[in-house]
Amino acid sequence: MLDLKFIRGNPEVVRKAIIDKGEKADLDDLLSLDEDLRKTIVESEALKNERNVESEKIARLKKEGANASAEIEQMREVSARIKEFDEKIGGVRGKLDAILLTIPNVPHESVPVGRDEDENVVVREWGEPSSLVPTPVPHWEIGETLGILDLKAGSRIAGSGFVAFTGAGARLERALIAFMLDLHTREHGYTEVSPPFVADRDAMVGTGQLPKLENDMYHSPEDDLFLIPTGEVPLTNLHRGEILDGDRLPLKYTAYTPCFRREAGSYGKDTRGLLRVHQFDKVEMVKLVEPETSYDELESLTANAEKVLQLLGLPYRVKVLCTGDLSFSAAKCYDIDVWSAGVSQWLELSSCSNFEDFQARRAGLKYHPVGGGKARFVHTLNGSGVAMARTVVAILENYQTETGTIVVPEVLRPYMDGLEEIT
RNA sequence: GGAGAGGUGACUGAGUGGUCGAAGGUGCGCGACUGGAAAUCGCGUGUAGGUGAUGAGCCUACCGAGGGUUCGAAUCCCUCCCUCUCCGCCA
C-alpha cells in the first residue's frame, strides 16, 4: 500500500504507475473520497472537542454538587451528531481503504516501461544452454521411465496438477532443499525458519496476495486460513506489527515451504509434467532492511539465488521485468530463467523483488533508526532461492546420458549418500 | 473441545466511570557533577490522523480487536482473537 499523503501529493506519478503496470484502480474516486473524508473529520473532531470540554465541565459541576442536567441534555445531542459523523467517516474510510489496496506500487526509475513479458530485458546470462545428449527427452518421459516421478499417482490422490516423487526422485527433492538451505545459511548469512504453511487474512493482506489473488489460493472457510502460495508470506509476516530495533537490521530469513497455487485460469499453458503444478517445494529468502540499502540488497539477493544455479551447473539468464510484467506489490524485480534442454525452454524459477515500503506499510513493519529518530518503515525484499519443481525439470533434462540415466550434480551427491547417477 | 486466569507504552507495573495518553520503576537521550567513569541529581522520551508551511502550536483517536451502554469508558456489557494453568482428545 502506498502512503495516502504521497498519492495526494503525486497523483500523476501514481496514475502513470497504474497505467504502466496495466492495473485498474479508481484514482480519481480515491482522491475525492480523501477530500470528503478530511472535511468530515474536521467537522467531527470539532464536535468531539466540544464534547470533551463540556464533559470536563460536567464533571466539575457534579463534584461541586451543582446541577448539570442542562449540559448533559445538550451533550446528548452533540453525541448523537458525532455518531452520525463517525458513521459517515467509517463508510467513506471503508471505500477509500478498499481502493487504496488496489493501487499498485510505483516502479523504480530503473525499471523499463513495457507492456508485457516480451519487453523484459535480459541483463546477464550464465553458462551455455546445453545438454549431455543431442536430443534429450522431456522430464515427464525420463522421470516415468526411471520410476522417480509418478504423475498418475499424484492426480489419483489430489487431481491433475499434483505430482508424486518416488525413490531417487523424492531423495533428489529432499537433497535440493537441504543443499539450498545449507548454502543460504552457511554462505549467505540467512537465518533458517520453519514457518506455518497456512496464513490468515491479515498476513495475506500484509504481503499483498489479498485482495487481488483470493481466487488463486486454497482456502479453508471454517478457519479463514489460506494455504501459502509462497514462503514469502510467513517470512515477511514474521514481524508483522512490530517496531524493530534498528541494530537488528538487516534481517535475513530463509525457509523451505511447499507452495500451493490453484492456478485458476491458466489452463493449457506449460501444463505438462512439472512445469505448472498446484503444489511445489521452494526455498525462499526474505530480507527486512533499511530503506537506503534496499537496492544493494536486491542485487545481493539475486546473486544468492544465482549461486544456487551456478553450483548446480544449470545455465540461466537474469531478466529485469518491465513495468507491465512487474507484480502488483513490487518496485523492481529480477526473474531468473533456467534453460531446460528437453522442453527447449527457458523456465522461470526465481523472482527477486524489492517492495520498498509497500508491504511494510500494509504489514506494519517498522524500525527505530540507530541513534534515535522517528520509527520508519523497513524495506522488504524476497526471492526464490529457488523453486524446486522446475529445478528438477532442468536437472532431469540437462543431465540425461546416452544410456537414459541422470547424472547427479556434484554438489548434491553428499546429500544423496554419494549417489552419482540415477538409474 | 471443557473450566479458570489474564492481555495497559521499548520493558516492568499501577489504575474498576470524570482533570488518565495513562502513576512508579527500568531502559534510552540530553544536561549537571567527575581527571574519566560509576553512583547521584535535573530535564526529556509512544503511534497515527487532522489543521498549520513537510515549523511551532492546537485538535482528535489509540490501554488485544470490534461493537454496545453513558453527557463522559483503560475502567461497565457483548462478540471475537491471543497467552497461561488444569481437564479431555490426539500425531
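In what follows, every heavy atom counts, from backbone to side chain, and hydrogens, waters and symmetry copies are set aside. Remember, it's a predicted structure, so these values are computed and weren't measured experimentally. Naming: A, B, ... by sequence-line order, numbering from 1 per chain.
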Side-chain donor/acceptor pairs under 3.5 Å, residues 64-72 of chain A, sequence neighbours excluded:
from    : atom 1 : to      : atom 2 : distance (Å)
A/Asn67 : OD1    : A/Ser69 : N      : 2.7
A/Asn67 : OD1    : A/Ser69 : OG     : 2.6

Any residue meeting ring-ring contact (aromatic ring centres under 6.0 Å, His included) with A/Tyr316, in chain and number order, not counting sequence neighbours: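 If we apply the ring-ring contact (aromatic ring centres under 6.0 Å, His included) test to A/Tyr316, skipping adjacent residues, the hits are A/Trp126.
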
Non-neighbouring partners of A/Tyr367 that pass ring-ring contact (aromatic ring centres under 6.0 Å, His included), sequence neighbours left out: none

Integer angstrom distance from the [atom1] of [N] to that of [M]:
N      : M      : atom1 : answer
B/rU16 : B/rA73 : C1'   : 11 Å
B/rG1  : B/rC90 : P     : 15 Å
B/rA61 : B/rC11 : P     : 24 Å
B/rC86 : B/rU45 : P     : 44 Å
B/rC78 : B/rG25 : C1'   : 36 Å
B/rU60 : B/rC41 : C1'   : 37 Å
B/rU85 : B/rC80 : P     : 23 Å
B/rA48 : B/rG9  : P     : 16 Å

Tell me, please, which residues at least two apart from [X] pass side-chain hydrogen bond (donor to acceptor under 3.5 Å, both in side chains).
X        : value
A/Glu297 : A/Lys287
A/Lys366 : none
A/Asp36  : none
A/Lys282 : A/Thr230, A/Glu284

A/Ser79 vs A/Glu87, nearer the 5' end of RNA chain B by closest nucleotide: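 First, find each residue's nearest nucleotide; the 5'-ward one identifies A/Glu87.
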
Rounded to whole Å, how long is the line connecting atom [atom1] of [X] with atom [atom2] of [N]?
X        : N      : atom1 : atom2 : answer
A/Lys83  : B/rC71 : NZ    : C1'   : 14 Å
A/Glu71  : B/rU70 : CD    : C1'   : 17 Å
A/Asp97  : B/rA48 : CG    : P     : 16 Å
A/Leu37  : B/rG49 : CG    : C1'   : 9 Å
A/Phe377 : B/rU47 : CZ    : P     : 12 Å
A/Asp86  : B/rG68 : CG    : P     : 10 Å
A/Lys366 : B/rG46 : NZ    : C1'   : 10 Å
A/Arg361 : B/rU47 : CZ    : C1'   : 15 Å

Base-pairing string, 5' to 3', of RNA chain B - Watson-Crick or wobble, under 3.5 Å, | interstrand: ((((((((.[[[..)..(.....]]]((((((.......))))))((((((.....)))))).[[[[[..)....]]]]])))))))....

For A/Arg248, all residues meeting salt bridge (Lys or Arg N to Asp or Glu O under 4.0 Å), sequence neighbours excluded: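 Salt bridge (Lys or Arg N to Asp or Glu O under 4.0 Å) check on A/Arg248 returns nothing, list empty.
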
From A/Asp182 atom CG to A/Tyr415 atom OH, the distance as rounded to the nearest 0.5 Å: 3.5 Å

Reading 5' to 3' through nucleotides 50-67 of chain B, protein heavy-atom contacts under 4.0 Å coded B for base, S for sugar-phosphate only, - for none: SS-------BBS------

Side-chain donor-acceptor pair present, [X], [Y], cut-off under 3.5 Å:
X        : Y        : answer
A/Glu192 : A/Thr185 : no
A/Thr254 : A/His184 : no
A/Thr380 : A/Gln359 : yes

Where the chi angle of B/rG64 falls, syn if within 90° of 0 and anti if not: anti

Under 3.5 Å, N/O pairs linking protein and nucleotides 16-21 of chain B:
from   : atom 1 : to      : atom 2 : distance (Å)
B/rG18 : N2     : A/Ser55 : O      : 3.3
B/rU19 : O4     : A/Lys63 : NZ     : 2.0

A/Lys57 vs B/rC71: side-chain N/O to OP1/OP2 distance below 4.0 Å: no

Listing, residues 89-105 of chain A side-chain donor-acceptor contacts under 3.5 Å, not counting sequence neighbours, or none:
from     : atom 1 : to       : atom 2 : distance (Å)
A/Thr102 : OG1    : A/Ile99  : O      : 2.6
A/Asn105 : ND2    : A/Ser329 : O      : 3.0
A/Asn105 : ND2    : A/Phe355 : O      : 3.1

